[in-house]
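Beneath this line is the structure, given in structure tokens, with notes to follow.
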Amino acid sequence: MQPSGLVSTAYAPPFRIVMKYFITGIFAFLLLNILLVYIGDSFTGHHFQPHVLALTHIATLGWITMIIFGALFQLIPVVLQIRLFSEVMAEVQFWIFSLGVLTFVYSFWFFLLGVPLLLGASLIVLAVIIFLINTIVTLFSVKEWNITATYLSAALFYLAVTAVIGLLLAINLGYPFIERNHLVFLGYHANIAIAGWVTMVIMGISFKLIPMFTLSHNFSLKSGKWAFGLMNAGLLGFILELYVYDSGTLFLVSALLIVAAIAFFLFQVYVMFKKRIRKNLDAALTFSVTAYVFLGLAVLFGISFLFFDYTRFRNITLAYGYLIFFGFISMLIIGQMYKILPFLTWYHKYSSKAGLEKVPMLKEMYNETFARVEYFIMLAGLLGSVAALILDISLMVEIFFAVMLLSVLIFVFNMIKIMVK
């Protein structure tokens, strides 16, 4: 059996390039959860504190963005049927980005403002610039433009905006120059990063991966197109609000537009799953479906901030962030890694041997039972951690962070099993 859809001898980049990003991202996810257990009893209060800032950037840069970079280097050429502009740039970008993230996170952990933090931020921005040049030039070669390419193009714009704001914030911490409240800019930085960069990539790629993995056919993408327009209107509203010093009306309207966009997107996901031929959900798709559910719950959670005063819950922003990072984004990445990594590893190791000798099937590349156990442990860790943070019970937080770590260890075991199979 030769996997198809995610690999192409004509367009796929070298296996080693993509795997560098995936392996580093998986290690960062493990490190993130180990550190959460390590500081579990002090993971409380406001989100602007050294350890929380360090952990947030391990999650967003070391885990999420590292995996996205690797996935896009594989998927853009194959899905859009074009060659990556420069494999050398992708290689160079990896080392610059890795060093930048390491320096940046270290600076936040020990709160080394000024030169150390600025050095890390500058390396990250340099890596992002290399990625943007490489990807944009690649996209110029696309012959048949589709909804995935449209979403990814927008995501690249928001990645650039996120990087610029992040660099300005890093400078401002060591050498204050921004007149407006630093935390206000930090909030917009986070919103644009998650909604504009990460979520736009997820949405665009979902329109390709869901039909591929579920064998969905004959569905309309009308809701996906509405989601694109509404999401961009909301995000551009956020950016505009940064410069016009609005009293809050523009922020509210922009937030509601993003909520509407996600509602349209989730309906589009429902339509694609409804049209699927492959009815049974394996462990990978179970993770993915659950992630989409948590996206809806996170949106409802976020909407409630607009109308209710949660100030008496001192960990509410931490709980909200944890729900987004682990319930939506991490669950989805894990689900897709259980699909993508076996495809790529199988193709690299066994495609030339298929038909000549016995080779493993894709489902034999990892332990499906372990993956399902991991799912339930992760679900318990997620729900327990969010509840513990809201209730502000330190011991409960530590226990459920440890439960989450256990699920991540199972995930790492399965990923290693795939790579050494």
Requested in this report: For the pair Lys349 (side chain) and Met419 (backbone), establish whether a donor and an acceptor sit closer than 3.5 Å, ignoring hydrogens and angles.
Outcome: yes
Query raised in the report: Heavy atoms, side chains only, cut-off 4.5 Å: are Leu80 and Lys143 in contact?
Result: no
**Report entry** Residues forming a side chain to side chain donor-acceptor pair (under 3.5 Å) with Glu87, sequence neighbours excluded
**Finding:** none
Query - Partners passing side chain to side chain donor-acceptor pair (under 3.5 Å) against Thr138 (at least two apart in sequence or in another chain) - result: none
Report task. Check whether more than 12 heavy atoms from other residues, nucleotides or ligands sit under 6.0 Å from atom CZ of Phe219, and answer yes or no. Result -> yes
Query raised in the report: Counting only N and O atoms by type, is there a donor-acceptor contact under 3.5 Å from the side chain of Arg83 to the main-chain atoms of Pro77?
Result: no
Query raised in the report: Counting N and O atoms only, with roles assigned by atom type, does the side chain of Thr65 sit under 3.5 Å from a partner on the main chain of Thr60, one being a donor and the other an acceptor?
Result: yes
Report summary line: For Leu35, the side-chain contact (heavy atoms from CB on, under 4.5 Å) test, sequence neighbours excluded, returns Leu31, Leu55, Ile58, Trp109
Query raised in the report: Where the side chain of Ser304 meets the backbone of Phe301, is there a donor-acceptor pair that is under 3.5 Å apart?
Result: yes
Report summary line: Tested for side-chain contact (heavy atoms from CB on, under 4.5 Å) against Met272, the lone hit among Ser223, Pro211, Ser220 is Pro211
Query raised in the report: In Å and rounded to the nearest 0.5 Å, what is the CD1 to OG distance from Ile136 to Ser141?
Result: 12.5 Å
**Report entry** Centroid-centroid under 6.0 Å between Tyr322 and Phe401 rings
**Finding:** yes
Report summary line: Hits for side-chain contact (heavy atoms from CB on, under 4.5 Å) against Ala227, two or more places apart or cross-chain, chain-then-number order -> Tyr151, Met203, Phe264, Phe265
Query raised in the report: Partners of Glu368 by side-chain contact (heavy atoms from CB on, under 4.5 Å), sequence neighbours excluded?
Result: Asp282, Ala283, Tyr366, Arg372
Query - Aromatic plane relationship, Phe131 with Phe69 - under 30° parallel, 30 to 60° tilted, over 60° perpendicular - result: tilted
Query raised in the report: Does Ile194 offer a backbone N or O that forms a donor-acceptor pair with the side chain of Thr199 under 3.5 Å?
Result: yes
Query - All side chain to side chain donor-acceptor pair (under 3.5 Å) counterparts of Gln336, not counting sequence neighbours - result: Ser288
Query - Contacts of Ala59 that satisfy side-chain contact (heavy atoms from CB on, under 4.5 Å) - sequence neighbours left out - result: Leu32
Query raised in the report: Under the salt bridge (Lys or Arg N to Asp or Glu O under 4.0 Å) test, which residues partner Lys20, sequence neighbours left out?
Result: Glu91
Query - Residue list, side chain to side chain donor-acceptor pair (under 3.5 Å) with Asn414, at least two apart or on another chain - result: Tyr338
Query raised in the report: Taking the side chain from Asn134 and the backbone from Ile130, do they hold a donor-acceptor pair closer than 3.5 Å?
Result: no
Report task. Decide yes or no for Ile124 and Phe97: does some side-chain heavy atom of the first lie under 4.5 Å from some side-chain heavy atom of the second? Result -> yes
Report task. Mark yes or no for whether Gln74, through its side chain, and Ala71, through its backbone, hold a donor-acceptor pair below 3.5 Å. Result -> no
Requested in this report: Verify the distance criterion only: is there a donor paired with an acceptor across the side chains of Ser407 and Tyr375 at less than 3.5 Å?
Outcome: no
Requested in this report: Please identify each residue that fulfils ring-ring contact (aromatic ring centres under 6.0 Å, His included) with Tyr38, with sequence neighbours left out.
Outcome: none
Query raised in the report: Which word best sums up how the rings of Phe15 and His348 line up, parallel for under 30°, tilted for 30 to 60°, or perpendicular for over 60°?
Result: parallel
Query raised in the report: Does Met365 offer a backbone N or O that forms a donor-acceptor pair with the side chain of Trp346 under 3.5 Å?
Result: no
Query raised in the report: Taking only residues two or more places apart in sequence or in another chain, which ones pass ring-ring contact (aromatic ring centres under 6.0 Å, His included) with Phe376?
Result: none
**Report entry** Evaluation steps, side-chain contact (heavy atoms from CB on, under 4.5 Å), between Met66 and Phe94
**Finding:** CA-CA 9 Å; Met66 191 70 79; Phe94 169 79; 4.2 Å; yes
Query - Parallel, tilted or perpendicular, as decided by the 30° and 60° cut-offs, for the rings of His57 and Phe108 - result: parallel
Query raised in the report: For Leu318, does its backbone N or O pair with a side-chain atom of Asn315 as donor and acceptor, under 3.5 Å?
Result: no
Indicate every side-chain donor-acceptor pair of residues 159-178 with a distance under 3.5 Å to a residue at least two apart or in another chain.
| residue | atom | partner | partner atom | Å |
| --- | --- | --- | --- | --- |
| Thr162 | OG1 | Tyr158 | O | 2.7 |
| Asn172 | OD1 | Phe177 | N | 2.8 |
| Asn172 | OD1 | Ile178 | N | 2.9 |
| Asn172 | ND2 | His182 | ND1 | 2.8 |

Query raised in the report: For the rings on Phe73 and Phe22, is their centre-to-centre separation under 6.0 Å?
Result: no
Report summary line: Taken to the nearest 0.5 Å, the spacing of Met231 CE from Leu257 CG works out to 10.5 Å
